[in-house]
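Below: the structure, in structure tokens.
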Amino acid sequence: MRKITTFLTEEEVNERIKEMGKEITEHFKGEEIYVVCILKGSIYFTAELTKRIDLPVKIDFMKVSSYGNTTRSSGVINVQQDLSGSIEGKNVLIVEDIIDTGNTLHRLIELFKSRNPKTLSLCTLLDKPDRRQVDVNVDYIGFSIPDKFVVGYGLDLAEEYRNLPYIGIVEDSRTPT
Ligand code: IMP
Ligand code: MG
């Protein structure tokens with residue numbers, strides 16, 4: 001059995017998401033937002049965040065894998081499931097669970113820009129700045145965290161622990177490189 005230690009409680013996470021929703025609402029006042037949930041890790045975050053955005057919102061999903069055949073974050077993303085609608089001329093908000101090396105998001109930004117949205121913004125629940133390899137400009141960050149492997153609130157370890165209502169640290173872990 002792995003030991004999981006609570007890092008952020010459900011209340012702390014939801015409180016921060018509420019603030020982020022407010023910030024996004026103020027920033028996009030009078031506009032509609034096309035929210036893109038990056039599967040699977042962002043499902044709970046997207047659900048909670050969109051409830052806190054007081055503007056017209058459309059929600060879409062994209063599933064990408066960033067690691068190809070190796071466990072190394074290669075910077076090559078593979079779109080496993082694409083959006084159901086066009087983002088051309090829309091205010092797109094990409095919602096990520098966590099930014100680690102930045103490779104996934106970097107590639108996603110290139111892909112999204114090529115589809116001509118009106119605006120493109122990025123939002124992540126968690127950020128591990130110590131691990132960054134590629135510079136990415138993130139508009140909304142929930143929490144900056146140290147280099148530990150975290151699970152829960154959508155985040156998994158080999159598909160386990162996504163449904164924990166809080167964010168926990170897997171003891172004796174570092175992010176696999
Ligand atoms: P990167 O920014 O391209 O290195 O990849 C970020 C992706 O790696 C995230 O979307 C997660 O799927 C995964 N990831 C990185 N760190 C963690 C962690 O601590 N827990 C769970 N997944 C993680
Ligand atoms: Mg992910």
Side-chain angles (χ1 to χ4, degrees), residues 1-10 12-14 16-17 20 24 35-50 59-83 87 92-114 120-177:
M1 279 289 279
R2 287 188 195 94
K3 187 162 182 274
I4 313 281
T5 311
T6 304
F7 179 63
L8 295 164
T9 65
E10 184 175 15
E12 286 169 332
V13 174
N14 289 347
R16 178 72 188 116
I17 295 175
M20 295 173 88
I24 292 167
V35 173
V36 176
C37 169
I38 305 300
L39 295 172
K40 304 174 190 173
S42 304
I43 49 172
Y44 297 97
F45 179 36
T46 302
E48 191 61 32
L49 181 69
T50 49
I59 303 175
D60 206 342
F61 300 89
M62 185 183 267
K63 185 160 193 286
V64 297
S65 62
S66 51
Y67 296 100
N69 295 323
T70 71
T71 53
R72 206 172 273 274
S73 187
S74 56
V76 177
I77 59 162
N78 176 20
V79 177
Q80 297 181 327
Q81 183 192 314
D82 209 337
L83 301 174
I87 59 165
V92 175
L93 178 68
I94 298 178
V95 180
E96 261 284 22
D97 50 357
I98 187 163
I99 304 175
D100 183 24
T101 62
N103 282 316
T104 309
L105 205 51
H106 178 73
R107 284 308 172 97
L108 270 180
I109 293 167
E110 286 180 353
L111 176 64
F112 275 71
K113 278 188 177 160
S114 74
L120 182 61
S121 308
L122 305 168
C123 179
T124 187
L125 180 59
L126 304 173
D127 181 26
K128 283 188 201 171
D130 299 345
R131 299 252 319 155
R132 197 74 87 253
Q133 291 172 2
V134 195
D135 225 16
V136 278
N137 185 24
V138 187
D139 302 273
Y140 307 96
I141 296 172
F143 301 90
S144 282
I145 65 167
D147 180 16
K148 298 278 184 188
F149 202 82
V150 288
V151 293
Y153 216 95
L155 291 139
D156 74 306
L157 173 60
E159 293 301 325
E160 258 191 277
Y161 308 115
R162 284 196 202 279
N163 63 323
L164 292 180
Y166 57 90
I167 291 174
I169 289 183
V170 183
E171 285 303 314
D172 303 318
S173 73
R174 302 197 65 195
T175 312
T177 45

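One-based numbering, in listed order, for ligands and for the atoms of each.
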Min heavy-atom dist [X] to ligand 1 below 4.0 Å:
X	value
Arg131	no
Asp156	yes
Gln133	no

What is the distance from atom [atom1] of [X] to atom [atom2] of [Y], rounded to the nearest 0.5 Å?
X	Y	atom1	atom2	answer
Cys123	Ile24	SG	CD1	4.5 Å
Asp135	His106	CG	NE2	10.0 Å
Ile43	Phe61	CD1	CZ	9.0 Å

### Message
Does ligand 1 come near enough to Phe149 that some N or O of the ligand is less than 3.5 Å from an N or O of the residue?
### Response
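So ligand 1 has no N or O lying under 3.5 Å from an N or O of Phe149.
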### Query
Where the closest heavy atom to atom 2 (O) of ligand 1 is concerned, which of Gly41, Gly102, Ser42 has it?
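Ranked by closest heavy atom to atom 2 (O) of ligand 1, first place is Gly102.
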### Message
Just to be sure I'm reading this right: ignoring hydrogens, which of Leu155, Val150, Leu105, Ile169 gets closest to atom 20 (N) of ligand 1? Compare them by their nearest heavy atoms.
### Response
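Minimum heavy-atom distance to atom 20 (N) of ligand 1 goes to Val150.
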### Query
Listed by chain and number, what are the side chain to side chain donor-acceptor pair (under 3.5 Å) partners of Gln81, not counting sequence neighbours?
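Expected list: none.
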#### Entry: side chain to side chain donor-acceptor pair (under 3.5 Å) involving Tyr153 - partner list, sequence neighbours excluded
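Counting only residues at least two positions away or on another chain, Tyr153 forms a side chain to side chain donor-acceptor pair (under 3.5 Å) with Asn14.
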List ligand 1 atoms under 4.0 Å from [X], heavy atoms only on the residue side.
X	result
Lys128	16 (N), 17 (C), 18 (C), 19 (O)
Thr104	1 (P), 3 (O), 5 (O)
Glu96	10 (O)
Lys148	19 (O)

### Task
Run the salt-bridge test on Asp82 and Lys63 with the 4.0 Å N-O cut-off and return the result as yes or no.
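Result for this pair is no, no salt bridge flagged.
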### Query
Does the pair Lys148/Glu171 count as a salt bridge with the N-to-O cut at 4.0 Å?
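Not counted as a salt bridge, because no side-chain N and carboxylate O are separated by less than 4.0 Å.
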